[in-house]
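Have a look at the structure below, then the notes.
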Amino acid sequence: MSAYVEVTDLRRRFDVSKPWLNRVIEREPRKFLTAVDRVDFAIEKGETFAIVGESGSGKSTVARMVVGLLPPSAGEVTITGVSMTDPRQAAARRRLRARIQMIFQDPYASMNPRWRVGKIIAEPIRAFALIQGEGAIRARVSELLGLVGLHADDARKYPHEFSGGQRQRVAIARALASQAEFLVGDEPTSALDVSVQAQILNLMRDLQDRLGLTYLFISHNLAVVRHMATRVGVMYLGRLVEVTTAKDLFAAPRHPYTRMLLDAVPDLAHVGRARVPVSGEIPNPIDPPPGCTFHPRCPLANDRCRAEVPALLDGVACHAVQEGRA
Amino acid sequence: MTEKILSVRDLTVAFDTRRGPLTAIDRVSFDIHRGEILGVVGESGAGKSVTGSAVIGLIDRPGRIAGGEIHLRGERIDNLSPEAMRRVRGRRIGMIFQDPLTSLDPLFRVGDQLVETLRTHTDLSAKAARTRAIDLLAEVGIPAPERRIDGYPHEFSGGMRQRVVIALALAAEPELIIADEPTTALDVSVQAQIITLLKRLCREHGTAVMLVTHDMGVIAEAADRVAVMYAGRVAEIGPVASVITKPHHPYAAGLMGAIPTLSQEADRLSQIPGAMPRLTAIPQGCAFNPRCPKVFARCRVERPEPIPVEASRVACHLYDAAERAV
Ligand SMILES: Nc1ncnc2c1ncn2[C@@H]1O[C@H](COP(=O)(O)OP(=O)(O)OP(=O)(O)O)[C@@H](O)[C@H]1O
Ligand SMILES: Nc1ncnc2c1ncn2[C@@H]1O[C@H](COP(=O)(O)OP(=O)(O)O)[C@@H](O)[C@H]1O
Ligand code: SF4
Ligand code: SF4
Ligand SMILES: [Mg+2]
Ligand SMILES: [Mg+2]
């Protein structure tokens, strides 16, 4: 049995070269940035798989490839066995599209500000011709508004009349409008205040329980990930460095980067605690270090690390772990 | 008791609008002592930044200080002339903002900016100022400062730029530093470095710091005392461990429960219904009363004044001796 979502050897390069003329004049070669490199993971139906990592690690790029918003440079994503890239499966993919929805950090950017909320939520219903008849559509919109904790009357308002948290509820209602079963959230609560974030996280978990949703949850916030995820993938400079259950990741992190990150997060339980700060910063992704890209910051780095990229084996991509010296 | 550096009493800030004045800060009082970090937390719009701006005399029209007093080491500074206040800023009060580029001029080398600040506020010669600038860069952890001093801001990473800003803020050895979301734009691993740096410098120089942030984790880690703001008022102020682990005010308690943590697993986050009111619709009596699980009749008519509770001060009728007797 294959998993609900399967991501195999996913890669994405971006061309970040200067314009042709500048390159010729300055005698510069083309430049590429590898935003995602050899990423593999699977998501089971009904679970929440989280990807966590610092800015620029490639989380959003993975998310966009998974939902088919961005073509991969190599590798494959299949959802319920349907390839998101294979042209021969275009028809099956079209049927699948309605069931996959994305929620963004800034819901306002993804809404037409001149449309009333009722029309915004009904859009996927109309686009995929899921329900016929205006009355039936309106009833479904009311039902969806109720589901996300808004009032049926809110359908008449415009997006700007809502607070950030309420707009995120509208975005979730719209995502669910097409009977979506797989939601990809890219930092869905990062722009919200903590009390509002709690409301949205609780809502997402309630909806998952009630509707059996599967989530791909992207966040840079480890505490939020711990709260939401069943399994977690940690990204660093475009690679997955550790993939395991949320329980194991937070109880016994194995990759040196994961350990460092967990140690660096300021946490309420750390009142007054002095920590050993992490050394260094994330290197420039255009010119990443050879071998294990974490080696300039890693206390366990040796010559092999500087030369050889560690493969993800048994959920960890680290020579020291594999050699039993971590 | 150590020396009181900053004393804010009944500070009130209003913004004049077409529909009349809106009170953004409503009778806020707090002190910061020598070598102490006071964290100021609250959700967006609570009034944290306006409070910081008032202390440094940077409230711009249509805003104005409508009441109260601000004293720096016993000397009243809220009624100084703009000219006199400019001298206080920079020399006696240093500033660090979220975006380092608000403090750094992209067109000038960082060294020139440091030297200029040093020469404006101290009587160092040009040569001595340059030596001091290199020392400052070394002190904030810039590697190879004698070389980096001639770099431009864009040649520094985000974390390194924020270090330069801290060097600038410290240049004139101010008595007080106002840091408004200094780590919010940084990656967690770099955030930890900046917080550690700020704590160390503050301890070594005896500088008082007002650390404004919406991130409770940062506060837990860095602050000695913390003020929780809500709708332009201080709900609770007290020692950091007490406010975080045993908050008294119902809003502070709700806020702490809403924050997911790394150390404990919870199925649901505690949730405060609703959102913070707009300035145009601050409720009568206690500003938190429509969202408060413990609200009672008096809360809707009478504004609670801060009352000493253990080592904290709490603005809530529940702690009034008259109510407790019932
Ligand atoms: N269209 C693009 N063109 C060039 N580079 C890109 C493009 N999109 C992303 N990148 C680069 O790819 C890398 C990964 O970006 P991505 O947006 O996936 O990161 P992220 O993990 O989502 O970060 P954040 O936490 O800041 O959202 C970054 O170095 C980014 O600058
Ligand atoms: N220039 C301004 N004009 C009108 N209202 C303002 C202005 N600046 C801030 N405010 C209001 O003052 C309140 C407090 O703002 P602020 O101190 O920036 O909040 P915080 O920093 O806690 O997020 C908010 O309601 C905000 O909208
Ligand atoms: S492979 Fe080497 S450098 Fe990379 S994380 Fe493991 S020990 Fe550190
Ligand atoms: S004064 Fe009343 S409404 Fe306000 S926080 Fe206390 S109990 Fe709640
Ligand atoms: Mg992103
Ligand atoms: Mg602010």
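Side chains included, hydrogens not; waters and symmetry mates left out as well; all remaining heavy atoms used. Per chain, numbering begins at 1; letters A, B, ... match sequence-line order.
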- [ ] Evaluate the side-chain contact (heavy atoms from CB on, under 4.5 Å) criterion for residues Ser195(A) and Arg291(B): first the C-alpha distance (whole Å), next the side-chain angles of each, then the deciding distance (0.1 Å), finally the verdict.
- [x] CA-CA 11 Å; Ser195(A) 76; Arg291(B) 303 175 71 190; 3.5 Å; yes

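- Expressed to the nearest 0.5 Å, how far CG of Leu262(B) lies from NE2 of His227(A) amounts to 13.0 Å.
- If you check the side chains of Asp187(B) and Ser55(A), you find no donor sitting under 3.5 Å from an acceptor.
- A distance of 4.0 Å separates CG in Asn202(A) from CZ in Arg268(B), rounded to the nearest 0.5 Å.
- Of the two parts of Gln166(A), neither the backbone nor the side chain holds a non-hydrogen atom closer than 4.5 Å to a non-hydrogen atom of chain B.
- No side-chain heavy atom of Val188(B) sits less than 4.5 Å from a side-chain heavy atom of His220(A).
- Looking at Leu222(A), both its backbone and its side chain come within 4.5 Å of chain B, counting heavy atoms on both sides.
- Under the salt bridge (Lys or Arg N to Asp or Glu O under 4.0 Å) criterion, Lys247(A) pairs with no residue, sequence neighbours left out.
- Close approach to chain A, defined as a heavy atom under 4.5 Å from one of its heavy atoms, is seen in Val240(B), Ala241(B) of residues 224-241 of chain B, taken by number.
- Considering every non-hydrogen atom in both Pro260(B) and Ala223(A), the closest pair reads O-CB, 3.2 Å.
- Judged purely by atom type and a 3.5 angstrom limit, Asp193(A) has no side-chain atom pairing as donor or acceptor with the backbone of Glu43(B).
- Of the inter-residue distances, the one linking Gln193(B) atom CD with Glu281(A) atom CD reads 6.0 Å to the nearest 0.5 angstrom.
- If you measure heavy-atom distances from Pro143(B) to chain A, you find no contacts under 4.5 Å at all.
- Interatomic distance, Ile259(B) CD1 to Gln197(A) CD, rounded to the nearest 0.5 Å: 9.0 Å.
- Enclosure of atom CZ in Arg306(A) by more than 12 non-hydrogen atoms of other residues, nucleotides or ligands within 6.0 angstrom is indicated.
- A search for salt bridge (Lys or Arg N to Asp or Glu O under 4.0 Å) contacts involving Arg167(A) returns nothing, not counting sequence neighbours.
- Among Ala223(B), Gly257(B), Gly274(B), the residue making the largest number of heavy-atom pairs under 4.5 Å with chain A is Gly274(B).
- Within residues 251-261 of chain A, the residues having any heavy atom less than 4.5 Å from a heavy atom of chain B are, in residue-number order, Met260(A), Leu261(A).
- Contact annotation for Ile244(B): only side-chain heavy atoms (C-beta onward) come within less than 4.5 Å of a heavy atom of chain A.
- Of the atoms belonging to Asp206(A), it is side-chain heavy atoms, and not backbone ones, that fall under 4.5 Å from chain B.
- Residue contact with chain B, scored on non-hydrogen atoms closer than 4.5 Å, involves the side chain of Ile282(A) exclusively.
- Within 6.0 Å of atom CZ in Arg156(A), 12 or fewer heavy atoms from other residues, nucleotides or ligands are found, so the atom counts as exposed in its surroundings.
- For Met160(B), the parts sitting under 4.5 Å from any heavy atom of chain A are the backbone and the side chain alike.
- Using a 4.5 Å cut-off between heavy atoms, Ser270(B) touches chain A through its backbone atoms (N, CA, C, O) alone.
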